Amino acid sequence: MEWLDIYDEHGNRTGKTAERGTFLSKGEYFLCAHVILENTDGLFLIQQRSDTKATRPGQWDITAGAVDCGEVSLDGALREAKEEVGLTLPREKMQFLFRDKRRSCYHDVYYIQIPFSLQDCTMQESEVQDLRLVTRKELLDLLEQMSHRSSNYKRRLTEFLSHRS
């Protein structure tokens with residue numbers, strides 16, 4: 001059972017909590033954190049969601065997950081990376097990119113570039129069934145196919161990745 005903070009339409013905690021999967025009222029939101037992981041070879045980590053996941057089983061995605069009750073989004077991003085792919089990320093190198101709002105969830109997107117390879121990763125089997133390193137073009141192509149991401153999310157992430165040296 002996961003408990004999550006509820007946020008208002010301005011992105012502030014309301015002081016209320018709800019169990020993950022709860023239908024929220026209009027103007028209420030959960031918070032998720034996303035991590036764009038790039039290694040020093042310029043390759044990006046993507047993960048294939050477990051076939052047992054209730055939503056989008058087997059689909060390729062970036063590292064992301066719900067921010068737990070009492071956490072700030074950066075802590076949620078660091079925790080999700082550790083849980084899902086086994087990487088301990090340095091807090092001070094995490095770069096906040098943007099916040100996107102979709103349906104009943106805010107999505108805080110972070111970026112980090114650190115040295116790592118697939119051999120450094122450990123998959124959380126209940127969440128992830130495969131990992132790949134892809135080029136920027138391959139990541140952008142995957143992003144375009146993600147119907148669960150808003151056009152704002154896609155545009156902002158594409159702009160950021162396109163302007164990386």
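Remember, predicted model here, so these are calculated numbers, not experimental data. Here, residue 1 is the first one in the sequence, and each next residue gets the next number. Atom set for the values below is all heavy atoms of this structure, side chains included, hydrogens, waters and symmetry mates excluded.
The salt bridge (charged side-chain N to carboxylate O under 4.0 Å, His left out) contacts involving residues 119-128 comprise Lys53-Glu127, where partners must be two or more places apart or lie in separate chains. Note on residues 100-111: pairs passing salt bridge (charged side-chain N to carboxylate O under 4.0 Å, His left out), not counting sequence neighbours, are Arg99-Asp108. Identified under the salt bridge (charged side-chain N to carboxylate O under 4.0 Å, His left out) test for residues 63-73, with sequence neighbours left out: Asp68-Arg79, Glu71-Arg79. Sorted by first and then second residue, the ring-ring contact (aromatic ring centres under 6.0 Å, His included) pairs with a member in residues 122-155 read His34-Tyr153, Phe98-Tyr153; sequence neighbours excluded.
Contact check for Leu133 versus Asn39: side-chain heavy atoms found under the 4.5 Å cut-off. Inter-residue side-chain proximity for Leu157 and Leu97 is flagged as met; some heavy-atom pair is nearer than 4.5 Å.
Linking ILVMFWY residues whenever their side-chain heavy atoms come closer than 4.5 Å, directly or via other members, places Tyr110 and Phe116 in the same cluster. The hydrophobic cluster containing Leu131 does not contain Leu143, counting ILVMFWY residues as joined when their side-chain heavy atoms lie under 4.5 angstrom apart, directly or transitively. Cluster annotation: Phe44 is connected to Trp60 through the hydrophobic network of ILVMFWY side chains, with a link wherever side-chain heavy atoms come within less than 4.5 Å. Linking Ile, Leu, Val, Met, Phe, Trp and Tyr residues whenever their side-chain heavy atoms come within less than 4.5 Å leaves Leu139 and Leu118 in two separate clusters. Ile114 and Val134 fall into different hydrophobic clusters, defined by Ile, Leu, Val, Met, Phe, Trp and Tyr side-chain heavy atoms under 4.5 Å apart, directly or through other members.
Annotation: the span from Cys69 atom SG to Asp5 atom CG amounts to 4.0 Å, rounded to 0.5 Å. For the atom pair Ser150 OG and Arg156 CZ, the distance stands at 9.5 Å (nearest 0.5 Å). Within the model, atoms OG1 of Thr63 and CD of Glu80 stand 8.5 Å from one another, a figure rounded to the nearest 0.5 Å. Taking NE2 of His163 as the start and OG1 of Thr158 as the end, the distance is 11.0 Å to the nearest 0.5 Å. To the nearest 0.5 Å, the span separating OG on Ser104 from OH on Tyr7 amounts to 13.5 Å.
Qualifying side-chain contact (heavy atoms from CB on, under 4.5 Å) partners for Thr122, counting only residues two or more places apart in sequence or in other chains: none. Partners of Arg155 according to the salt bridge (charged side-chain N to carboxylate O under 4.0 Å, His left out) rule, which considers only residues two or more places apart in sequence or in another chain, are Glu159. For Glu84, the salt bridge (charged side-chain N to carboxylate O under 4.0 Å, His left out) criterion is met by no residue, not counting sequence neighbours. Partners of Asp51 by side-chain contact (heavy atoms from CB on, under 4.5 Å), not counting sequence neighbours, listed by chain and number: Gln129. Checked against salt bridge (charged side-chain N to carboxylate O under 4.0 Å, His left out), Glu144 has no partners two or more places apart in sequence or in another chain. With sequence neighbours left out, Arg149 forms a salt bridge (charged side-chain N to carboxylate O under 4.0 Å, His left out) with Asp61.
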Show every donor-acceptor pair shorter than 3.5 Å between a side-chain atom in residues 24-32 and any protein atom, with sequence neighbours excluded, or say none if there are none.
from  : atom 1 : to    : atom 2 : distance (Å)
Glu28 : OE1    : Ser25 : N      : 3.0
Glu28 : OE2    : Lys16 : NZ     : 2.6

Distance-only criterion, 3.5 Å: show the donor-acceptor pairs between side-chain atoms of residues 86-96 and protein atoms not counting sequence neighbours.
from  : atom 1 : to    : atom 2 : distance (Å)
Thr88 : OG1    : Lys82 : NZ     : 3.2
Arg91 : NH1    : Asp75 : OD1    : 2.7
Arg91 : NH2    : Asp75 : OD1    : 2.8

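The backbone N or O of Arg56 sits less than 3.5 Å from a side-chain atom of Arg49, completing a donor-acceptor pair. Looking at Asp41, its side chain never comes within 3.5 Å of a backbone N or O of Leu43 through a donor-acceptor pair.
The shortest heavy-atom contact between Val72 and Arg13 is N-NH2, 3.8 Å. In terms of heavy atoms, Gln47 sits closest to Val85 at OE1-CG1, 3.4 Å. Smallest separation of non-hydrogen atoms from Ala66 and Arg20: CB-NH1, 3.5 Å. In terms of heavy atoms, Val67 sits closest to Ser73 at CG2-CA, 3.9 Å.
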* Could you walk me through whether Thr135 and Glu138 pass the side-chain hydrogen bond (donor to acceptor under 3.5 Å, both in side chains) test, one step at a time? => CA-CA 5 Å; Thr135 65; Glu138 289 171 316; 3.3 Å; yes
* Could you walk me through whether Val109 and Ile36 pass the side-chain contact (heavy atoms from CB on, under 4.5 Å) check? -> CA-CA 8 Å; Val109 182; Ile36 309 302; 4.1 Å; yes
* To do: Dump the intermediate steps for side-chain contact (heavy atoms from CB on, under 4.5 Å) on Ile112 and Leu37, then the final yes or no.
  => CA-CA 5 Å; Ile112 188 167; Leu37 291 152; 3.6 Å; yes
* Worked check of side-chain contact (heavy atoms from CB on, under 4.5 Å) between Thr17 and Ile6 -> CA-CA 5 Å; Thr17 61; Ile6 297 175; 5.6 Å; no
